[in-house]
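Quick note on labels: first sequence line is chain A, next is B, and so on, each numbered from 1. This one's a predicted model, so the numbers in the text were calculated from it and none came from an experiment.
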Amino acid sequence: MAEGKRERRESSSEESVKLFVGQVPKNMTEVQLLTMFREFALVDEVNIIKDKTTRASRGCCFVICPTREEADKAVNACHNKKTLSGASSPLQVKYADGELERLEHKLFVGMLPKNVSEAEVSALFSTYGTIKDLQILRGSQQTSKGCAFLKYETKEQAIAALDAINGKHKMEGSSVPLVVKWADTEKERQARRAQKAQSQASNVPNTDSQHPSLFGALPLGYVPPYNGFGYQAPGYGLMQYRLPPMQNQPGFHSMIPTVNQGNALRGIAPDLGPSMNPRNYAIPPASYMGSTYHLQHPLAYPGGMFSHRPLSSSPRSVPPAVLSSNSATSSSTGKGSGGQVEGPPGANLFIYHIPQEYGDQELSTAFQGFGRVLSAKVFVDKATGVSKCFGFVSYDSPEDAQSAISMMNGFQLGGKKLKVQLKRDNKQTKPC
DNA sequence: TCATATT
């Protein structure tokens, strides 16, 4: 009885809006952030997003505003407008995933006959509420794609239309009922785009037999199916493949690149001569020597399985570190490729021209001959998952970083020469 | 060509 239309104080009411904020220095508190955002808009709450296990800030937060108007005030005042001390770029302030869609009451309408107009769709859907926005999707010649997006004023209206029309209402001249669903969120669309990009990438054959990029889009550990895996089937999503372990493939042993082993012994060390200092000598030989230097774990070295490259390939095409069995070193790096741990000043490298097919693990492996790799990260395009060909490697000592530079800068890996430099220092002088 | 992250 006492309920009625009292005030709603919950910060999660239908009205309230959640914003996602990036570029938040990891040492800021929720109270500090709340204070800051309240200079620009009404804010109910700030929640810092934390690592599940360490509870450390992940450098971003959610901000809850009581209304869309207040949220917009915060976005307009802060997005790309101010850089917090310690951040590398300006604050990113936007609606959290799914928030805009939730607020817009946006519906997708499918199975529209190609010849229906906006006016006809509008007439039908207006029965259930006020339409704020409506568009039929069209192709190049303005031909309808047979679907539309529309926005209602309220959620109740959208639900009413959805219930009444989806799967029930047939438009004039159509034998199938309309489909009405909530529109995909931005996140779902991104996921879809990524999927598409992936399958397209894997279906484009590249005939450059000299270069590993031929197989760059394939899963690591993938063996080109010269012996009957039906790889040619057009339209087949290669990401679905999970092949049995290489070692079990007939002919696997013949693929072990004796070529590389030869290259390693003949080429590497002498060729790096001029830039070598005594300290450098101390490290790589240990990895070359002994029986462990065979590629016992070929999966640790994606380049390895492409090395039925002709003998004519450059003697410098194999970095020293990847020749080692990584069993010893990888355990010492632990989650070396996982987190984003940074080493002390001078121990962090920026690497450019990383072969496209390299991931964190391969980068780590390629650089572990010079010291303990704290972390290795290759940057990838958010939408497509494709490598951007640059990344970071961190050691725990600046000396290791220096040897990595002298050994690996200019080193030919894949088609290009690596560029290896100290990472730019983004830290600002601390405010007192 | 220098760290974009959605409790």
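Using a 4.0 Å heavy-atom cutoff across all strands shown, K26(A) reaches no nucleic acid atom at all. Residue-level contact check: K52(A) touches neither bases nor backbone, having no heavy atom under 4.0 Å from any strand.
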Working for salt bridge (Lys or Arg N to Asp or Glu O under 4.0 Å), residues R138(A) and E118(A): CA-CA 11 Å; R138(A) 297 182 185 281; E118(A) 264 83 358; 2.9 Å; yes

Stepwise side chain to side chain donor-acceptor pair (under 3.5 Å) test for Y152(A) and D133(A): CA-CA 7 Å; Y152(A) 275 110; D133(A) 191 47; over 6 Å; no

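Residue F350(A) has its side chain nearest to dT1(B) when only dT6(B), dA3(B), dT1(B) are considered. Relative to the side chain of S89(A), the nucleotides dA5(B), dA3(B), dT4(B) differ in distance, and dT4(B) lies closest. Here the nucleotide nearest the side chain of F20(A), chosen from dT7(B), dA3(B), dA5(B), is dA5(B). Residue A96(A) places its side chain closer to dT6(B) than to any other of dT6(B), dA3(B), dT1(B). Distance from the side chain of Y352(A) is smallest to dT1(B) among dA3(B), dT6(B), dT1(B). Distance from the side chain of K423(A) is smallest to dC2(B) among dA5(B), dT7(B), dC2(B). Comparing atom distances between the S88(A) side chain and each of dA3(B), dT6(B), dA5(B) picks out dA3(B) as nearest. For N47(A), counting side-chain heavy atoms from C-beta on, the closest listed nucleotide (dT4(B), dC2(B), dT7(B)) is dT7(B).
At dT1(B), none of the side-chain N or O atoms of Q421(A) fall inside 4.0 Å of OP1 or OP2 (strictly under the cut-off).
For F379(A) and dA3(B), the ring-to-base geometry does not satisfy the stacking test (centroid distance below 5.5 Å, interplanar angle below 30°).
Note: CD (Q92(A)) to P (dA3(B)) measures 12 Å, nearest angstrom. Going from atom CD1 of I48(A) over to atom P of dT6(B) covers 15 Å, rounded to whole Å. Whole-Å rounding puts the L91(A) CG to dA5(B) C1' distance at 13 Å. Computed from coordinates, the K18(A) NZ to dT6(B) C1' distance equals 8 Å when rounded to whole Å. Whole-Å rounding puts the E342(A) CD to dC2(B) C1' distance at 10 Å. Between L33(A) atom CG and dT7(B) atom P the separation is 17 Å, expressed in whole Å. When the C1' atom of dA5(B) is taken as reference, atom CG of N27(A) falls 16 Å away, rounded to whole Å. Taking atom NE2 on H79(A) and atom P on dT4(B), their separation rounds to 14 Å, with Å as the unit.
When V393(A), V373(A), V378(A), L374(A) are each tested for a side chain to side chain contact (heavy atoms under 4.5 Å, CB included) with S364(A), only one passes: V373(A).
Summarising the local packing, NZ of K81(A) is surrounded by more than 12 heavy atoms from other residues, nucleotides or ligands at distances under 6.0 Å.
If you check distances only, the side chain of K388(A) never reaches the base of dT1(B) with a donor-acceptor pair under 3.5 Å.
By the 30° and 60° cut-offs, the orientation of the rings of F379(A) relative to F390(A) is parallel.
With sequence neighbours left out, the side chain to side chain contact (heavy atoms under 4.5 Å, CB included) criterion links R58(A) to I49(A), D51(A), C60(A).
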